[in-house]
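Chain A is the first sequence line, chain B the second, and so forth, proteins listed ahead of strands; every chain is numbered from 1.
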Amino acid sequence: MAKHDTPLLDELESGPWPSFVTDMKRQAEKNPDCWDILGQLELSFRDKITHWKHGGIVGVFGYGGGIVGRYSDVPEQFPGVEHFHTVRVNQPASKYYSTENLRHLMKLWDKHGSGMTNMHGSTGDIILLGCRTEALEPFFWDLTHELGQDLGGSGSNLRTPANCLGQSRCEWSCYDTEEACHHLTMHYQDEIHRPAFPYKFKFKFSGCANDCVAALARSDFAVIGTWRDDIRIDQAAVKEYVAGNIVSNGGAHAGKDWGAFDIQKEVIDLCPTECMWMEGDELKIDNAECTRCMHCINVMPRALRPGAEQGASICIGAKAPILDGAQFATLIIPFIKVSAENEFENVIDVIENVWDWWMEVGKNRERVGETMQRVGLPTFIKVMGLDPLPQHVKEPRSNPYVFWSDEEVPGGFDRDVDEFRKRHAA
Amino acid sequence: MAKHDTPLLDELESGPWPSFVTDMKRQAEKNPDCWDILGQLELSFRDKITHWKHGGIVGVFGYGGGIVGRYSDVPEQFPGVEHFHTVRVNQPASKYYSTENLRHLMKLWDKHGSGMTNMHGSTGDIILLGCRTEALEPFFWDLTHELGQDLGGSGSNLRTPANCLGQSRCEWSCYDTEEACHHLTMHYQDEIHRPAFPYKFKFKFSGCANDCVAALARSDFAVIGTWRDDIRIDQAAVKEYVAGNIVSNGGAHAGKDWGAFDIQKEVIDLCPTECMWMEGDELKIDNAECTRCMHCINVMPRALRPGAEQGASICIGAKAPILDGAQFATLIIPFIKVSAENEFENVIDVIENVWDWWMEVGKNRERVGETMQRVGLPTFIKVMGLDPLPQHVKEPRSNPYVFWSDEEVPGGFDRDVDEFRKRHAA
Amino acid sequence: MGYDPENPMADRITDIGPPHYSKFHPPVIAKNKGKWLWHEITQPGVLVHKAESGDECWTIRVGAARLMSTQLIYEMCDIADAHCDGFLRFTTRNNVEFMVDDKAKVQPLLDDLASRGNKFPVGGTGAGVTNIVHTQGWIHCHTPATDASGVVKAVMDELFDYFTSMTLPAQVRIALACCLNMCGAVHASDIAILGVHRKPPMIDHSRITGVCELPLAISSCPLGAVKPAKAEVDGKEIKTVKVNNDRCMFCGNCYTMCPAMPLADPDGDGIAILVGGKVSNSRSAPKFSKLVIPFLPNTPPRWPETVEAVKNILEVYAGDARKYERIGEWAERIGWEKFFEKCNIPFTIKSVDDYRLAYDTWRTTTQFKYTNAIK
Amino acid sequence: MGYDPENPMADRITDIGPPHYSKFHPPVIAKNKGKWLWHEITQPGVLVHKAESGDECWTIRVGAARLMSTQLIYEMCDIADAHCDGFLRFTTRNNVEFMVDDKAKVQPLLDDLASRGNKFPVGGTGAGVTNIVHTQGWIHCHTPATDASGVVKAVMDELFDYFTSMTLPAQVRIALACCLNMCGAVHASDIAILGVHRKPPMIDHSRITGVCELPLAISSCPLGAVKPAKAEVDGKEIKTVKVNNDRCMFCGNCYTMCPAMPLADPDGDGIAILVGGKVSNSRSAPKFSKLVIPFLPNTPPRWPETVEAVKNILEVYAGDARKYERIGEWAERIGWEKFFEKCNIPFTIKSVDDYRLAYDTWRTTTQFKYTNAIK
Ligand code: SRM
Ligand code: SRM
Ligand code: SRM
Ligand code: SRM
Ligand code: SF4
Ligand code: SF4
Ligand code: SF4
Ligand code: SF4
Ligand code: SF4
Ligand code: SF4
Ligand code: SF4
Ligand code: SF4
């Protein structure tokens, strides 16, 4: 039986989209604390304001992250949520689950927590929503001992890495995103659990430029699949597309009649580099001009495939707007092999190169992208030991404000003004 | 007879481009001081450095500009250029001259100065290059009395306005640029001659978006012709172009065989807004989508003409890179009538609006574009009393950092934290 | 067994990370990994991936309120057990995917899902609206300016037909973040719903001592609006801070650093709408979302103004854009001035950038279109 | 008559401005102003404008070293008197235009011009290289890092054939400025030749007192590299400034404000090459020039490195770009990485922006082309 009236929330039980209110009410039948979640949320709907206190540092022994502390600011009214900490459980790469594993995890959460979850958090974790401080250690014990699972990140550490499902079910993935994600997650357990950075740091792995895990927008270190050779073309399939025998864009536009497939309009004209053309009924690509944007491949998945010499681009420094405005990650390594064979050693080298520098010069609460902005891209390229490439920029600088160093200029910076005056009267 | 050896400069006497060295030597035969110009320049060629001292404030009584003072830093070697001030004579609008006027002006310069000139300076003035301090007042007297001409600007004042030749010889000019330039030059004589601004301020007037006087790049206040209605099409002439009977782009590409004229490739596909198409042999334009970039008109001047409802856009704030990097002018008034009929009253209103504000808030040596950057475009739009328009920006802001004022927010900014705490325990 | 509070470190296990993903791959995935040839969306929410081996993996994608109970998850497990050899997955946008290895198994699964009321809507593929990426809101966070799950439910109810169909010019990615921290891809979404504060922080002088490190609070403000100050608390002078309200742009960073500076407010807070962002590198480079509606009020439980605004933009776009054109690509092609006109959104001064890289957004060309904004 | 130094204010005339332009219009211009229908370039340097009245104005455009003597101007007047009813004009790029009202008068005029050696080259129209807009250099200015007229002569000698023909994909506008003040459209030119300093200012302590207002000198530096300091001059301690060399980017603004801070230097100074700017709004919006070669030495009298660099870029462009494509439009279409490859210009760190709006130039997409820069 409902512990609180929730007339506002009840309005959210109708409508075709699944209702979290209905769901939570069902859960409340099993775990009465959920009534207080509903009750406090109803109060927020009424007051148009949150009823959670600011922060609160709680955690499990030895870890500096993985739990987000939370307390109600109206605990007398809603004692069930007086403590309401979330637990971030590190998701398995690609977020596949066996029902066995998932049921077990849920069972533990029914036992220790509210039974409410977020599947998943924006970073990628399984978010277990709301438990009391006393429940944290017992839950963690069961999680590690019974399930062999662990917490993810929070605080100024490496955050839980995430990936698009990659080769597991996508024909375009240019490297094994889930293995890369898993391997690096394991490799950096210490960095995930014990904050030692100036601020948070995120890895994300996408298998191609479609970037289905939003790496370029949302991670400090984005590894995005690409290739170095030529797009593989099956000319027979091209003909089938042109003949209208295969649906364009894998059927993604099937819900509306957009007219017959027009390879010129839909593929060739939309190629950002204008590097495609038809020669008779053959599709030609000037691969040297291609920027591997994926559009043509997206539209004709049965005719076109990424090249065979595969790897990734590494882009660094994405973040949300606080403080200086949002940043996308900047292309730093145009092409790198990403392979389990060498245990991702070369990628690890790049990571540690970034960290060594950032941990030294990064200010408190300064994301690596902000540090990059503060010191400037030229300095960043230098400290990373890289050659400057035109690929690092969209365009060369348009202001003339170039720094030169003493050594670069013949005769150096030191001059004798008296000597100068001998030749130039003031 | 040459007073100095000039082996380096002599190298510049060969070659197909007119040689200023040869020219100057000829002049030196008439005015021996020119040998010293050559001599000092030769020394600079040898030393790879200028031999002019820093600045030097000279001028004519009552004016705060129009003369740029200059002294040699090696006057003993080159007494003829010990003083070498330039005189900026305000050019007539469009820079047409009668030979009578030009000869007379040159005669005065032979009398008072070096006989060397720049026709013209980058801002637009007639630059008379090099005279002694004593010559300034006599020259000015003769200039005003004999020729009825005057000096242009220098210093923190209104600089000499300039214009493209506009309606005088161009079929595209959307307003009378030379009349606007002349009228405003006369209207603002005081502002040109007596520095009262935080820094320099430049007007430039172009008759259309081709911007042949580089107003958008080089003037604080750019008036650039445009229209409000539809491009005028002569379909018969379109057919002639298509048939190859009229040369494309007014013959501008005639030196190379670019193949037969292709209206699709050369006009329609290059229209930045994609608002043109052929219907049979008629050229159609969706004028609501046209941004009046001029390209199609440039390519087919006999078939297309600017619309008939003509006026200009006013763009504000261009400048060279010192200090914050170069700026192009920003579109502030999308469309305004520019007409001698009302003596440019409405344009003058805009100008004075800008000046009133800038003279109050502009810092010393701060161009209006820099002041705009400092206070922000929203503030500038507000102080100009304008409605904000999407046309003012390329795109809306992407950061969420919006200012709100106390009055805009229900209940205002002041709140009682104790009241708050009653509802929200800390 | 289990955790012993008396002896917390005994037998402790740490740093074991997540289970290896390979344990959770459905057999058809495990077998064909890295050997997929192509895919097709055979109907909204149903994908088939074809492998070199000839195998097929049929995926049924199901929408979910990301805020979900263990009960619901058990129910999903039941479904996966009944149809999918006991495996399932979640997407990067919080949809659920049930996979089967045979076309014949698709319809029974769809029937099963349909039999369970509105819990498992099938869709979210291709040129439609997929699940809204969102954040905590009033369900858990301390800094929100609006709710998350509630707004999302209201919007998705209204856009439901676009979830279950593929009629749009391109995929439309909607995201919601409840404050400027933007815990989600709000800064790069086709349509972004963003919780915004509009009142400067209050200073709780009686609490500030102890809970805040004043230098951190002061340096947290990107605009230098927080300054050191003194105040009297219980007759004693204490060190505290003050805020220059005129310089505050309500980012909330000071509150993040200092609990004694709350800024949430029932009337001050609400929602801004940003549009035209994208993440993929397909055709055009990733784009930031742009602020087009600076404020809509918080109107629980169904936020009609926000729902209406989102739907309006979506439908104007649907009617006007070309095939494959994302919202931002459309807006750039027609020009942002036309975007405002076509969507009938009044342009306000708040959309004109005045932050750090603002100059690059000013229009420094005479190229513009006449719209109804020009009087 | 004339100026009387004893009585300077007597009969003084001021603020009369320039003569009215209409006095100087050739008759065909005066008659047809505002009524022109179309134009055509009938051969390089020769334009005809057709008026509604049927009248034609034939313009012969002639290149000029902007630095010119009164002698030369008298000679121009002779030509204008002989052929053009005593009128001529100068263009916004310092070419000279002779106008006649009848086609029959064109050839005699051309013959006359040709008879005068290399003084009056006809050209500068259409898809070619027109006159170089330039500044003072060593002939008059106090802050140049290179010469102007000398470099221009050397470059124009080499590009002369492009002045007298129209074989390029589009017009190519070259400009030169002898220092970062950029008195010319160097910041928006197809090819820009820019004088640059590379040594920080010296401080002339013995001169600074009196000639400089120290606070102005200090605040003049955009990077705050100029700081107050003390020095001993003739045994007396004076107030002066010092420069933090590491922060100096050689803009010269301190020298503009303070004559005791000269920075010019024979080895430090030289030329940077920027490309891809444009002013017109035709097709694409105006663009800034981009720095592609950070430094070339000053090598008077003919600056072979600079001449070669300009010619190379021009010719690679000429061979690769499409009809109507300006250099910047070409570079953007092919991608700047390809520009460097095709022009065989080594990319250096100096081309990577680290000034105020730098972030907007970083490449925030995975879209790039492989070029020889990637090892
Ligand atoms: C739970 C989660 C939102 C969600 O509902 O999914 C979340 C919740 C919080 N985020 Fe976040 N962030 C979450 C993903 C993100 C993301 C998305 C991502 O990781 O892909 C971002 C944007 C990308 C980025 O990192 O820039 C994000 C950018 C922020 C920021 C702004 C950081 C910045 O540099 O601009 C803050 C502010 C801060 O760190 O002080 C923040 C801070 C917070 C805090 C800890 C609030 C605070 O002021 O300290 C929130 C705790 C909420 C709560 O009560 O549980 N959160 N946060 C996400 C983590 C779940 C997970 O582990 O899977
Ligand atoms: C003579 C001229 C160059 C030429 O050879 O044509 C010139 C010469 C000087 N300019 Fe200029 N500027 C000249 C047109 C320009 C232009 C072009 C224009 O007006 O279209 C610009 C770029 C546009 C602009 O205004 O931003 C220009 C931007 C500067 C600047 C940088 C201003 C800025 O805000 O970035 C300075 C530096 C200063 O003002 O201290 C400057 C300063 C100077 C000074 C006065 C040197 C100084 O440090 O004070 C030069 C005196 C040279 C001399 O010895 O005669 N000059 N100056 C041009 C004026 C001739 C005329 O009146 O027609
Ligand atoms: C399952 C998932 C990956 C995962 O690891 O979970 C996924 C899977 C696929 N994506 Fe994606 N994308 C997924 C999130 C994304 C994201 C991330 C996001 O939205 O936060 C993006 C970037 C969004 C953006 O640009 O703002 C994304 C941008 C794409 C694109 C690029 C579309 C474009 O034109 O911009 C494609 C190509 C296409 O659709 O033609 C694509 C194509 C695909 C394909 C066709 C790949 C394949 O061959 O299997 C998959 C089915 C697409 C479909 O459902 O229509 N996927 N895809 C994610 C499903 C999310 C969901 O539940 O709706
Ligand atoms: C005479 C002059 C105006 C004046 O008042 O003096 C002028 C005159 C004409 N311009 Fe211009 N322009 C003149 C400087 C400019 C400038 C300013 C500059 O270069 O500093 C520009 C902007 C340059 C830029 O964008 O960087 C300029 C950009 C144009 C354009 C745009 C070309 C483009 O595609 O970007 C056109 C249209 C065309 O050529 O098709 C144009 C077209 C014309 C036409 C055809 C206009 C007409 O119908 O009469 C004139 C003959 C063009 C020719 O010579 O090929 N004019 N024109 C200037 C001659 C300069 C010279 O001596 O070479
Ligand atoms: S990012 Fe590329 S590889 Fe990964 S799921 Fe998306 S389309 Fe496939
Ligand atoms: S991947 Fe993109 S750039 Fe390359 S050919 Fe295809 S559409 Fe063109
Ligand atoms: S700016 Fe326009 S109107 Fe003026 S001369 Fe150039 S083309 Fe003609
Ligand atoms: S003026 Fe420009 S935008 Fe307008 S139709 Fe012509 S080419 Fe297109
Ligand atoms: S967006 Fe803001 S309010 Fe929402 S979860 Fe993130 S930090 Fe909390
Ligand atoms: S909300 Fe942001 S801008 Fe306002 S005082 Fe706090 S930190 Fe500063
Ligand atoms: S560019 Fe510099 S050096 Fe050249 S004239 Fe202008 S101020 Fe003098
Ligand atoms: S040259 Fe420019 S950067 Fe260097 S000290 Fe002087 S003002 Fe500062």
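- The distance from atom CE of B:M106 to atom OH of D:Y74, rounded to the nearest 0.5 Å, is 7.5 Å.
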_Using side-chain contact (heavy atoms from CB on, under 4.5 Å), reason through D:D269 and B:K48 one step at a time and then give a plain yes or no._
CA-CA 8 Å; D:D269 299 350; B:K48 302 196 241 178; over 6 Å; no

_Check against salt bridge (charged side-chain N to carboxylate O under 4.0 Å, His left out), D:K23 and B:E100_ = CA-CA 11 Å; D:K23 294 199 236 168; B:E100 186 196 345; over 6 Å; no

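- The pair D:K33-B:E178 counts as a salt bridge, with a side-chain nitrogen and a carboxylate oxygen less than 4.0 angstrom apart.
- Interface remark: B:L270 contributes backbone and side-chain atoms alike to the contact with chain D (heavy atom separation under 4.5 Å).
- Contacts between B:M119 and chain D at a heavy-atom distance below 4.5 Å involve backbone atoms as well as side-chain atoms.
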*Please lay out, stage by stage, how B:Q91 and D:F90 fare under the test side-chain contact (heavy atoms from CB on, under 4.5 Å).*
CA-CA 10 Å; B:Q91 84 288 0; D:F90 293 81; over 6 Å; no

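- Comparing D:P222, D:S282, D:S284 by how many heavy-atom pairs each has under 4.5 Å with chain B, the most go to D:S282.
- Contact of B:Q327 with chain D is made through the backbone alone, with heavy-atom distances under 4.5 Å.
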*Go through B:E179 and D:H20 one step at a time and tell me if the side chain to side chain donor-acceptor pair (under 3.5 Å) criterion holds.*
CA-CA 9 Å; B:E179 183 56 26; D:H20 197 261; 3.2 Å; yes

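- Rounding to the nearest 0.5 Å places OH of D:Y3 at 11.5 Å from CG of B:D142.
- Between chain B and the residues D:L37, D:V133, D:T91, D:T125, the most heavy-atom pairs under 4.5 angstrom are made by D:L37.
- Taking the side chain as every heavy atom from C-beta outward, D:P121 and B:P18 approach each other to under 4.5 Å.
- Heavy atoms of B:H253 lying under 4.5 Å from chain D belong to its backbone as well as its side chain.
- In this structure, the side chains of B:N249 and D:M166 stay at 4.5 Å or more apart for every pair of heavy atoms.
- When side chains are defined from C-beta on, D:W36 does not count as touching B:S173, because their heavy atoms never get closer than 4.5 Å.
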_Verdict with reasoning, B:N210 to D:S280, per side chain to side chain donor-acceptor pair (under 3.5 Å)_ = CA-CA 5 Å; B:N210 284 329; D:S280 83; 5.1 Å; no

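- Of the two parts of B:V60, the backbone and the side chain both hold a non-hydrogen atom closer than 4.5 Å to a non-hydrogen atom of chain D.
- D:E97 has no carboxylate O lying under 4.0 Å from a charged side-chain N of B:K95, or vice versa, which leaves the two without a salt bridge.
- Of the charged side-chain nitrogens involved, none lies within less than 4.0 Å of a carboxylate oxygen, so that B:D262 and D:K323 do not count as a salt-bridged pair.
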*Between B:R302 and D:E40, is a salt bridge (charged side-chain N to carboxylate O under 4.0 Å, His left out) present by the stated rule, with each step listed?*
CA-CA 9 Å; B:R302 296 209 208 175; D:E40 189 175 318; 2.6 Å; yes

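- A salt bridge does not link B:D211 with D:K278: none of the charged nitrogens is closer than 4.0 Å to a carboxylate oxygen.
- For the options B:I297, B:L129, B:D47, heavy-atom pairs under 4.5 Å to chain D are most numerous at B:L129.
- Annotation: maximal heavy-atom pairing with chain B below 4.5 Å, among D:H134, D:M76, D:E325, D:M257, occurs at D:M257.
- Neither the backbone nor the side chain of B:R292 comes within contact range of chain D; no heavy atoms are under 4.5 Å apart.
- Judged as a ring-ring contact (aromatic ring centres under 6.0 Å, His included), and not counting sequence neighbours, the contacts of D:H25 are B:Y96, D:Y21.
- Annotation: maximal heavy-atom pairing with chain B below 4.5 Å, among D:K50, D:M182, D:M9, D:Q71, occurs at D:Q71.
- Contact check for B:P16 versus D:N118: no side-chain heavy atoms found under the 4.5 Å cut-off.
- Note: B:C212 SG to D:R93 CZ = 10.5 Å, rounded to the nearest 0.5 Å.
- Per-residue heavy-atom pair counts under 4.5 Å with chain B were compared for D:T299, D:N298, D:V96, D:D81, and the maximum is reached by D:D81.
- Within the 4.5 angstrom heavy-atom criterion, no atom of B:T123 approaches chain D.
- Options D:L180, D:D78, D:T92, D:I139 differ in how many heavy-atom pairs under 4.5 Å they form with chain B, and the most are formed by D:I139.
- The parts of B:T86 that come within reach of chain D are both its backbone and its side chain, each placing non-hydrogen atoms under 4.5 angstrom from that chain.
- From D:N281, atom CG reaches atom CD1 of B:I224 across 6.0 Å, with rounding to the nearest 0.5 Å.
- When side chains are defined from C-beta on, D:D15 does not count as touching B:Y188, because their heavy atoms never get closer than 4.5 Å.
- Between B:W172 and D:H39 the shortest side-chain heavy-atom distance falls below 4.5 Å.
- Contact annotation: the side chain of D:F288 never approaches that of B:P321 to less than 4.5 Å [non-hydrogen atoms, C-beta and beyond].
- Residue B:R46: no heavy atom, backbone or side chain, is found under 4.5 Å from chain D.
- Here B:L147 contributes atom CG and D:I13 contributes atom CD1; the two are 11.0 Å apart, rounded to the nearest 0.5 Å.
- Using the six-membered ring where Trp is involved, B:F84 and D:H140 have ring planes that are tilted, between 30° and 60° apart.
- Comment: B:E11 does not engage D:K153 in a salt bridge, judged by the lack of any side-chain N to carboxylate O separation of less than 4.0 angstrom.
- Of the listed residues B:K319, B:E266, B:K53, B:R305, the one with more heavy-atom pairs under 4.5 angstrom with chain D than any other is B:E266.
- Rounding to the nearest 0.5 Å places SG of D:C77 at 10.5 Å from OH of B:Y97.
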*May I have the step-by-step check of side-chain contact (heavy atoms from CB on, under 4.5 Å) for D:T70 and B:N31, ending in yes or no?*
CA-CA 11 Å; D:T70 56; B:N31 182 344; over 6 Å; no

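- Residues D:P300 and B:E42 are not in side-chain contact: their nearest non-hydrogen atoms beyond the backbone lie 4.5 Å or more apart.
- Every residue two or more places apart in sequence or in another chain that forms a ring-ring contact (aromatic ring centres under 6.0 Å, His included) with D:Y355 is listed here: A:Y401.
- Of the two parts of B:V213, the backbone and the side chain both hold a non-hydrogen atom closer than 4.5 Å to a non-hydrogen atom of chain D.
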*Audit row: B:R169, D:M99, side-chain contact (heavy atoms from CB on, under 4.5 Å) steps and yes/no*: CA-CA 10 Å; B:R169 206 192 63 202; D:M99 285 150 284; 3.5 Å; yes

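- Of the candidates D:L67, D:L72, D:I73, D:I73 is the only one forming a side-chain contact (heavy atoms from CB on, under 4.5 Å) with B:T117.
- Using a 4.5 Å cut-off between heavy atoms, B:D176 touches chain D through its side chain atoms alone.
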*Assess whether side chain to side chain donor-acceptor pair (under 3.5 Å) is satisfied between B:N298 and D:R283, documenting all intermediate values.*
CA-CA 10 Å; B:N298 291 342; D:R283 295 171 312 284; over 6 Å; no

